[in-house]
Amino acid sequence: MTDCLFCKIVRGEIPAQIVHKDESVTAFRDINPQAPVHVLVVPNQHVGSVAEIGPGNGALLAAMVVAANRIAEAEGVAGSGYRLVMNVGEAAGMSVPHLHLHLLGGRKMAWPPG
Ligand code: AMP
Ligand code: ZN
């Protein structure tokens, strides 16, 4: 997707604070952090949202979660706890139509989320 913001970050065409990159996923700091640690993990290939994920995408989802877990460890929040979030659609507040896993940590989280 040539016009997609997160595809451009994956390709290095828009600057971002990359914290992890491998053959499947790229992770970078959220530009408007909602917690002391707020990282987005995205697939390198364009996927619109988690609503498009089917039974054949297990490896990609696993790669996203494995990366998030490793980043949580590296950022020092694995022990205190963290939250992984995927928003879908307008009601959930999804604003960038490229699948992304939010990793949030470093503060006490409220439940239910707003
Ligand atoms: P969502 O609301 O789930 O679609 O999350 C999109 C996230 O992308 C928001 O938390 C934004 O702050 C973040 N975001 C938007 N543009 C950028 C950017 N250029 N670099 C890093 N994060 C961004
Ligand atoms: Zn994209």
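Side chains included, hydrogens not; waters and symmetry mates left out as well; all remaining heavy atoms used. Remember, it's 1-based here, ligands and their atoms both numbered in the order they're listed. Just so you know, residue 1 is the first one in the sequence shown, and it goes up from there.
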Practice task
Report yes if some heavy atom in the side chain of Lys8 is under 4.5 Å from a heavy atom in the side chain of Thr2; otherwise report no.
Solution key: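 No, side chains not in contact.
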
Practice task
With the Zn ion (ligand 2) as the reference point, give the N/O/S atom of His46 that is nearest.
Solution key: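 Closest to the Zn ion (ligand 2) among those atoms: ND1.
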
Problem - Salt bridge present between Arg29 and Glu75 (N-O < 4.0 angstrom) - result: yes

Exercise for the section: Answer yes or no: does an N/O atom from His38 fall short of 3.5 Å to an N/O atom of ligand 1? Expected result: no

Exercise for the section: State whether the shortest distance between N or O atoms of Val96 and N or O atoms of ligand 1 falls below 3.5 angstrom. Expected result: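 Min N/O separation from ligand 1 is below 3.5 Å for Val96.
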
Which ligand 1 atoms, with their elements, are less than 4.0 angstrom from a heavy-atom of [X]?
X	result
Phe6	8 (O)
Asn32	12 (O)
Leu40	7 (C), 8 (O), 13 (C), 22 (N)

Practice task
Work out which heavy atom in Val77 is nearest to a heavy atom in Gly106; give both atom names and the distance.
Solution key: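 Smallest heavy-atom distance, with atoms named: CG1-N, 3.6 Å.
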
Exercise for the section: Work out which heavy atom in Val25 is nearest to a heavy atom in Met64; give both atom names and the distance. Expected result: CG1-CG, 3.7 Å

Tell me the contacting part of [X] for ligand 1: side chain, backbone, both, or neither, using a 4.0 Å heavy-atom threshold, strictly below.
X	value
Arg29	backbone
Val85	neither
His100	side chain
Asn87	side chain

Practice task
To 10°, measure the ND1(His98)-the Zn ion (ligand 2)-SG(Cys4) angle for me.
Solution key: 100°

Problem - Closest to atom 7 (C) of ligand 1 (judged by heavy-atom distance), picking from Leu99, Leu5, Asp30 - result: Asp30

Fill in the blank from the handout: Among Ile14, Ile31, Ile9, the residue with a heavy atom nearest to atom 15 (C) of ligand 1 is Ile31

Handout entry: Name of the residue among Asn57, Val47, Leu99 meeting side-chain contact (heavy atoms from CB on, under 4.5 Å) with Glu52
Key =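 Passing option: Val47.
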
Practice task
Can you spot which of Val42, Val96, Val10 makes a side-chain contact (heavy atoms from CB on, under 4.5 Å) with Leu5?
Solution key: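 Testing each of Val42, Val96, Val10 against Leu5, the sole residue satisfying side-chain contact (heavy atoms from CB on, under 4.5 Å) is Val96.
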
Just verifying a value: how many Å separate [X] [atom1] and [Y] [atom2], rounded to the nearest 0.5 Å?
X	Y	atom1	atom2	value
Arg83	Trp111	CZ	CH2	5.5 Å
Leu101	Leu40	CG	CG	8.5 Å
Asp30	Gln34	CG	CD	7.0 Å

Practice task
Please state whether Gln34 comes within less than 4.0 angstrom of ligand 1, counting heavy atoms only.
Solution key: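 False for this residue.
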
Exercise for the section: Starting from atom 2 (O) of ligand 1, find the nearest protein heavy-atom neighbour and note its residue, name and distance. Expected result: Gly93 O, 2.8 Å

Completion exercise
For atom 4 (O) of ligand 1, the closest protein heavy atom turns out to be Ser95 N, 2.6 Å

Practice task
For the residue pair His100 and Phe6, categorise the inter-ring angle as parallel (less than 30°), tilted (30 to 60°) or perpendicular (more than 60°).
Solution key: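 Answer is perpendicular, since the angle exceeds 60°.
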
